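Written below as structure tokens is the structure these notes are about.
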Amino acid sequence: MKRITVKLGKISGEEAMRIQYELSLNDAIYRVFINPYLKEARITFDDSKIKLEEVLEKLKDFQPNVTGMEEVSLEKVIEESMSWNNKLKAY
């Protein structure tokens, strides 16, 4: 799995919500967060099911520029989704 950070050009709050929703409908994309104020998107996806180019294609109207990319495990994604209280109980 990959996590990318993408710098975006001009994007409104409504456009960010729409694109975030559209991306989240894809089963190969696990996490999507688009901040229209910082003009930044963070997307976690399964690169064996969807290519980076396909993800960036959805963002093409906003001049996407990948500023960061890292490999992440499914366990890390799940752990980051847990609340701090659940993390304490897990140990």
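The model shown is predicted, which means the values in this text are computed figures rather than measured ones.
The environment of Lys58 atom NZ is sparse: at most 12 non-hydrogen atoms of other residues, nucleotides or ligands sit within 6.0 angstrom. The 12-atom threshold is not exceeded at CZ of Arg42, counting heavy atoms of other residues, nucleotides or ligands nearer than 6.0 Å.
Rounding to the nearest 0.5 Å places CZ of Arg3 at 13.0 Å from CG of Asp47. Separating the CD1 atom in Ile11 from the CD atom in Glu40 is a distance of 12.0 Å, to the nearest 0.5 Å.
Nearest approach of Ala16 to Ile34, heavy atoms of both residues: CB-CG2, 3.6 Å. Here the closest heavy-atom approach between residue Met1 and residue Val77 is recorded as CE-CG2, 3.9 Å. When all heavy atoms are compared, the tightest approach of Phe33 to Asn35 is CE2-CB, 3.8 Å. Contact between Lys49 and Ala28 at its shortest, heavy atoms only, is CB-CB, 3.5 Å. Heavy atoms only, all atoms of each residue included: Pro64 and Leu59 are closest at CD-O, 3.3 Å.
Listed by chain and number, the residues in a side-chain contact (heavy atoms from CB on, under 4.5 Å) with Ser12 are Glu14, Glu15 (sequence neighbours excluded).
Between Glu79 and Lys76 there is no salt bridge, since none of the side-chain N atoms of the basic residue sits less than 4.0 Å from a carboxylate O of the acidic one.
With a 4.5 Å cut-off on side-chain heavy atoms, Asn26 and Glu54 do not count as touching. You'll find the side chain of Ile4 reaches within 4.5 Å of the side chain of Phe45, heavy atoms only.
Cluster membership for Ile43 and Val66, using ILVMFWY side-chain heavy atoms within less than 4.5 angstrom, is shared. Hydrophobic clustering places Val32 together with Met69 (ILVMFWY residues linked when any side-chain heavy atoms are closer than 4.5 Å, directly or through intermediates). Met17 and Leu23 fall into different hydrophobic clusters, where Ile, Leu, Val, Met, Phe, Trp and Tyr side chains are chained together by heavy-atom contacts under 4.5 Å.
Not one N or O on the side chain of Thr5 forms a donor-acceptor pair closer than 3.5 Å with the backbone of Thr67. Between the Lys10 side chain and the Lys39 main chain, no donor and acceptor come within less than 3.5 Å of each other.
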Residue pair Lys2, Glu71: steps toward the salt bridge (Lys or Arg N to Asp or Glu O under 4.0 Å) verdict: CA-CA 5 Å; Lys2 288 196 187 302; Glu71 291 286 331; 2.6 Å; yes
